[in-house]
Amino acid sequence: MAKPDYYDVSECETHEKGAPKFCKKSEPGEGAERSCAYDGARVVLMPITDVIHLVHGPIACAGNSWDNRGARSSDSQLYRRGFTTEMLENDVVFGGEKKLYRAILELAERYEGQAKAMFVYATCVTAMTGDDVEAVCAAAGKKVAIPLIPVNTPGFIGDKNIGNRLAGEVLFKHVIGTAEPPVLGEYPINLIGEYNIAGDLWGMLPLFERLGIQVLSCFSGDATFEELRYAHRAKLNIIICSKSLTNLARKMQKNYGMPYLEESFYGMTDTAKALRDIARELDDAVGGLEKRIMQDRVEKLLEEEEATCRERLAPYRARLEGKRSVLFTGGVKTWSMVNALRELGVEILAAGTQNSTLEDFYRMKALMHQDARIIEDTSSAGLLQVMYDKMPDLIVAGGKTKFLALKTKTPFLDINHGRSHPYAGYEGMVTFAKQLDLTVNNPIWPVLNAKAPWEKTEEELTAAVALAAGHARACLDEDLKDSTVKVPAKNATVNPQKNSPALGATLAYLGIDQMLALLHGAQGCSTFIRLQLSRHFKEPVALNSTAMSEDTAIFGGWENLKKGLKKVIEKFSPEVVGVMTSGLTETMGDDVRSAIVHFRQEYPEHDGVPVVWASTPDYCGSLQEGYAATVEAIVRSVPEPGETIPGQVTVLPGAHLTPADVEEVRELCEAFGLDPIIVPDIANALDGHIDETVSPLSTGGVSMARIRQAGQSAATLFIGDSLAKAAEAMTERCGMPSYGFTSLTGLAQVDRFMETLAAIAGRPIPEKFRRWRSRLMDAMVDSHYQFGLKKVTVALEGDNLKTLVNFLAGMGCEIQAAIAATRVRGLDGLPARDIFVGDLEDLETAARGSDLIVANSNGRQAAAKLGIKAHLRAGLPVFDRLGAHQKMWVGYRGTMNLLFETANLFQANAGEGQKLAHN
């Protein structure tokens with residue numbers, strides 16, 4: 001039986017030297033470069049603006065990925081809301097169909113009049129548990145007035161391109177041809193594979209409007225559901241992204257007799273070619289080529305536009321001429337960008353692509369200089385090698401490559417879905433040139449590439465200097481069953497504030513030097529985690545995947561895990577491998593402990609590499625729980641008991657602490673003459689430094705030798721109540737006492753920490769801290785006017801929530817609501833009017849009337865909707881502000897930083913209010 005056409009990728013058979021292997025599957029132990037079928041489906045479908053996109057699965061699929069693409073809408077913003085059934089452990093055990101059914105009815109009622117349809121996505125876990133999404137949609141469809149469309153694309157069935165094509169099947173089967181257009185012009189066309197990234201579509205529409213061409217439907221940028229329903233009435237399909245929806249164009253040609261073209265609107269040359277090709281086809285379709293009506297219109301438009309565009313490009317071309325670049329793309333046509341760069345005088349040293357077709361590859365190769373290199377190895381390591389070999393003036397690539405490029409101190413321009421500027425059409429070409437110019441000619445680059453201090457002569461150094469001048473038990477004894485904190489009653493989580501536990505585990509593993517993290521699950525999970533952490537820390541993330549496939553999801557993932565362990569150990573030579581599980585592998589029941597034992601037996605030559613593993617299913621907890629479980633797994637297995645080393649302390653920092661916070665904690669300990677071993681230590685691992693080379697392993701964290709030595713410390717200090725269990729494990733394993741601190745932010749909290757350090761060290765508090773304490777007190781006096789009676793709503797993970805709620809309340813704020821990501825111990829005692837577990841949709845209700853919102857960057861939607869200008873970014877992810885990882889809010893000095901930052905937000909907002917009142 002032949003495979004369906006969405007699997008039929010002819011490029012798989014090519015043996016052309018240098019050609020990318022377009023259908024190459026991810027192997028166990030590979031870096032998380034490729035994404036999954038679920039991601040491919042959401043790329044195609046989620047830009048449909050006026051529908052509900054409901055993800056049926058645990059938190060990872062929606063929580064790690066919602067609203068992370070740059071598709072723009074001119075009207076409805078419904079598509080940007082993150083809807084998920086958020087499967088929990090009981091749902092996995094007993095089935096999630098009833099929850100899905102209730103969620104569909106609930107959302108259909110809540111968004112009645114706004115939502116024109118609902119797409120329901122199956123994911124890895126729900127596919128494994130056998131939830132019948134199609135049957136649930138059919139049953140619920142009898143109760144709701146909008147179409148319910150099932151999307152069966154669990155991540156393990158294939159890569160992103162398969163998901164793209166399956167999404168095309170969904171559109172063809174359920175949407176296209178189900179309505180008639182209200183107005184049908186003489187020249188109607190469809191755009192396929194155009195997602196309006198950064199507003200690209202809006203740079204093309206004016207050209208079509210001037211030509212009298214009607215864009216009937218766009219798949220699926222800035223698209224409404226109704227527009228897609230009558231796409232079958234177009235006379236011509238234009239494929240913009242040839243890798244994603246060619247199967248859809250072929251089916252429409254077969255069923256509706258609609259021809260299609262593959263075109264690009266990036267660069268002057270390709271835009272002109274596209275318009276001429278479209279004109280020729282439309283003239284033929286409408287009345288025969290002899291009329292040339294549309295072709296004449298196009299030639300007139302090109303004459304006007306090209307002259308103007310060349311004039312506007314001239315100053316940019318003068319500054320870009322002769323610059324050398326490396327080009328690597330995903331969704332954007334690489335050969336189009338080669339043309340666009342050539343038009344600006346930029347030389348291409350090397351180019352590669354991951355998601356284009358073989359035809360695109362040949363076009364790219366023909367356009368480049370014969371000495372230019374085709375990038376065959378598209379992994380992070382391969383791209384880094386190209387950068388080091390070629391030493392280009394700039395890198396033009398997608399967001400996944402961004403932080404690798406910046407680590408090599410090379411200017412970078414993002415051309416994929418994460419960008420903020422449109423590059424399509426003539427206006428887009430000018431914008432592209434402008435952004436290239438701003439990037440490559442930015443004055444920071446000469447400074448970054450100048451001599452380091454240790455490289456300068458004595459004269460240069462002289463000139464430079466002249467220019468410058470008992471808590472753990474209390475936490476564990478509290479019974480959560482007695483908590484009065486409310487938990488969600490709704491079936492659908494909307495705009496999740498949670499991240500997956502595996503993401504928290506990855507964060508913990510990144511704090512161990514020479515560690516390689518290995519996620520046992522489908523490849524899409526690791527891709528989302530890498531993206532989320534990279535967005536926050538602006539760093540490349542060392543994470544690999546066991547790349548669970550459909551077969552292994554059915555028959556078990558032991559072999560994938562063992563292969564993954566073998567591959568990462570042999571390929572990267574880590575000092576330790578950190579394994580965490582996903583919802584998929586936990587649902588399957590993979591016995592990770594036994595798999596590791598069998599791995600040891602089968603590969604005794606790798607016995608010297610420790611393997612630490614933590615159970616982190618998506619449906620149990622959030623980032624904080626996954627991080628805490630991983631820290632506990634580390635301290636239960638690695639530290640070695642022994643004779644106490646005087647003055648040595650083990651410090652367990654919470655997931656809410658930034659690298660700068662951890663660095664400050666170390667310095668506080670060292671000021672007392674103590675030797676702190678911090679587990680894990682992200683201070684020098686995720687702090688935003690540039691090394692001479694970029695390692696595929698985590699670097700800069702605590703070494704395994706130091707963690708073993710931690711078993712001989714005089715005491716354990718833990719910061720954050722979530723680590724109480726890990727601290728108690730250290731006491732049980734090694735016999736040392738533990739001291740816990742809910743927070744190190746705030747005068748009283750820091751006082752207690754100082755007192756404890758003084759007692760352990762047998763030394764008085766150093767004078768410099770007394771001075772900092774005096775400064776903090778003065779700052780509190782100076783700024784308390786800004787805080788008094790201000791209403792604040794906080795939405796964060798548990799430890800961070802406790803820290804900031806207590807700090808703000810201590811400064812005189814009224815905590816209107818405290819919204820926790822998960823139900824944890826200690827929430828009941830918070831000084832807040834309303835305390836509950838919820839999502840960021842709840843924030844939109846709870847924060848009404850607040851003066852300040854405290855949440856991660858995803859809270860900006862709620863702030864904008866409510867008109868609250870004061871939004872203090874905290875937690876993870878923070879991606880719309882620079883320097884989140886360098887914020888230091890612990891200790892006397894850090895508390896003062898937080899004090900001033902918050903006071904300035906209040907003050908600026910008060911000034912804005914006065915301005916509006918005056919106007």
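Atom set for the values below is all heavy atoms of this structure, side chains included, hydrogens, waters and symmetry mates excluded. For reference, positions follow the sequence shown, starting with 1. Nothing here was measured: the structure is a model prediction, and the numbers come from that model.
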Practice task
Using a strict 4.0 Å threshold on nitrogen-to-oxygen distance, state whether E755 and R752 make a salt bridge.
Solution key: no
Problem - Q532/N499 under side chain to side chain donor-acceptor pair (under 3.5 Å): CA gap, chis, key distance, verdict - result: CA-CA 9 Å; Q532 190 81 306; N499 290 289; 2.7 Å; yes
Handout entry: Nearest-0.5 Å distance that lies between atom CD in Q624 and atom CG in L507
Key = 11.5 Å
Exercise for the section: Using a 4.5 Å cut-off on heavy atoms from C-beta on, say whether the side chain of V792 contacts that of V794. Expected result: yes
Handout entry: E814 and K790 ion-paired at < 4.0 Å
Key = no
Handout entry: More than 12 heavy atoms of other groups within 6.0 Å of R771 CZ
Key = no
Completion exercise
Partner of V651 under side-chain contact (heavy atoms from CB on, under 4.5 Å), picked from I677, V662, I678, is I678
Handout entry: Worked check of side chain to side chain donor-acceptor pair (under 3.5 Å) between T745 and T895
Key = CA-CA 5 Å; T745 301; T895 301; 4.8 Å; no
Exercise for the section: State which residues pass ring pair (Phe, Tyr, Trp, His ring centres under 6.0 Å) with F807; sequence neighbours excluded, sorted by chain then number. Expected result: none
Problem - Nearest non-hydrogen partners of A779 and M896, listed with the distance - result: CB-CG, 3.9 Å
Exercise for the section: Go through the side-chain N and O atoms of D834 and Q816 and say whether any donor and acceptor fall under 3.5 Å apart. Expected result: no
Fill in the blank from the handout: Heavy atoms of P610 and R708 approach each other most closely as CG-NH2, 4.0 Å
Exercise for the section: Give a yes or no on whether the backbone of V837 and the side-chain of R823 come within a donor-acceptor separation of less than 3.5 Å. Expected result: no
Handout entry: Neighbour count >12 (heavy atoms, 6.0 Å) for atom CD1, I444
Key = yes
Practice task
Return the minimal non-hydrogen interatomic distance between T506 and I529, and the atom names on each side.
Solution key: OG1-CG2, 3.7 Å
Practice task
Decide yes or no for K887 and W889: does some side-chain heavy atom of the first lie under 4.5 Å from some side-chain heavy atom of the second?
Solution key: yes
Exercise for the section: Apply salt bridge (Lys or Arg N to Asp or Glu O under 4.0 Å) to R636 and list each qualifying residue two or more places apart in sequence or on a separate chain. Expected result: E632, E732
Problem - Flag, side chain of S698 to backbone of I512, donor-acceptor distance under 3.5 Å - result: yes
Problem - Spatial distance of atom CG (D675) from atom CD1 (I645) [nearest 0.5 Å] - result: 8.0 Å
Problem - Any donor-acceptor N/O pair, E664 side chain to G891 backbone, under 3.5 Å - result: no
Handout entry: Main-chain N/O of P659 paired to H885 side chain as donor or acceptor, under 3.5 Å
Key = no
Practice task
Take L808 and V854 through the side-chain contact (heavy atoms from CB on, under 4.5 Å) test and state the conclusion after the steps.
Solution key: CA-CA 10 Å; L808 292 165; V854 184; 4.0 Å; yes
Handout entry: Worked check of side-chain contact (heavy atoms from CB on, under 4.5 Å) between L723 and Y627
Key = CA-CA 9 Å; L723 293 175; Y627 178 97; 4.3 Å; yes
Practice task
Ignoring hydrogens and angles, tell me if any N or O in the side chain of N909 forms a donor-acceptor pair with the backbone of L905 under 3.5 Å.
Solution key: no
Practice task
List for me each residue that meets side-chain hydrogen bond (donor to acceptor under 3.5 Å, both in side chains) alongside D880, sequence neighbours excluded, and say none if there are none.
Solution key: S857, R873
Practice task
Say whether, by atom type as modelled, one donor and one acceptor occur between the side chain of K538 and the main chain of R535 under 3.5 angstrom.
Solution key: yes
Problem - Beyond-backbone contact of P653 with R666, side-chain heavy atoms, under 4.5 angstrom - result: no
Handout entry: Expected output: side-chain Q514 to main-chain V576 donor-acceptor under 3.5 Å
Key = no
Problem - Atom of E670, atom of P676 and distance for their closest heavy-atom approach - result: CG-CD, 3.8 Å
Handout entry: Closest non-hydrogen atom pair between L843 and I819, with its separation
Key = CA-CD1, 3.7 Å
Practice task
Could you walk me through whether N856 and L840 pass the side-chain contact (heavy atoms from CB on, under 4.5 Å) test, one step at a time?
Solution key: CA-CA 10 Å; N856 61 32; L840 296 180; 4.1 Å; yes
Problem - Residues L747, R773; criterion side-chain contact (heavy atoms from CB on, under 4.5 Å); working and verdict - result: CA-CA 8 Å; L747 186 63; R773 190 177 189 277; 3.7 Å; yes
Problem - Gap between atom CG of D828 and atom CG of D482 - 0.5 Å precision - result: 9.0 Å
Exercise for the section: Please confirm whether the backbone N or O of V781 pairs with a side-chain atom of H784, one donor and one acceptor, at under 3.5 Å? Expected result: yes
Handout entry: Gap between atom OG1 of T716 and atom CE of M730 - 0.5 Å precision
Key = 4.0 Å
Practice task
Output the distance between atom CE (M580) and atom CG (L503), rounded to the nearest 0.5 Å.
Solution key: 8.0 Å
Exercise for the section: Give a yes or no on whether a salt bridge exists between R706 and D513, defined as a side-chain N under 4.0 angstrom from a carboxylate O. Expected result: no
Practice task
Please check if the side chain of T793 supplies one atom and the backbone of I853 the other of a donor-acceptor pair under 3.5 Å.
Solution key: no
Exercise for the section: Give a yes-or-no answer on whether the side chains of D618 and S500 include a donor-acceptor pair shorter than 3.5 Å. Expected result: no
Practice task
Evaluate the criterion side chain to side chain donor-acceptor pair (under 3.5 Å) for residue pair T650 and S713; output intermediate values, then yes/no.
Solution key: CA-CA 6 Å; T650 299; S713 292; 2.8 Å; yes
Handout entry: Under 3.5 Å: donor-acceptor pair, side chain of Y509, backbone of V579
Key = yes
Handout entry: Minimum side-chain heavy-atom gap H656-E797 below 4.5 Å
Key = no
Handout entry: Q709-Q648 side chain donor-acceptor pair, cut-off 3.5 Å
Key = yes
Exercise for the section: Provide the closest heavy-atom pair for A655 versus L623 in the form atom of the first, atom of the second, distance. Expected result: CB-CD2, 3.7 Å
Practice task
Go through the side-chain N and O atoms of T803 and N800 and say whether any donor and acceptor fall under 3.5 Å apart.
Solution key: no
Exercise for the section: With the side chain counted from C-beta on, respond yes when L652 and L717 share a heavy-atom pair under 4.5 Å apart, and no when they do not. Expected result: no
Problem - Exceeds 12 heavy-atom contacts within 6.0 angstrom, atom CD1 of I690 - result: yes
Exercise for the section: Check whether any side-chain heavy atom of M515 lies under 4.5 Å from a side-chain heavy atom of E575, and answer yes or no. Expected result: no
Handout entry: T644-Q712 side chain donor-acceptor pair, cut-off 3.5 Å
Key = no
Handout entry: Distance (rounded to the nearest 0.5 Å) between D661 CG and I719 CD1
Key = 9.0 Å
Handout entry: Modelled atom types, side-chain donor and acceptor of D721 and H471, under 3.5 Å
Key = yes
Problem - Within the 6.0 Å centroid threshold, strictly below: Y892 and F769 - result: no
Practice task
Indicate whether the side chain of S622 and that of T822 have a donor and an acceptor atom separated by less than 3.5 Å.
Solution key: no
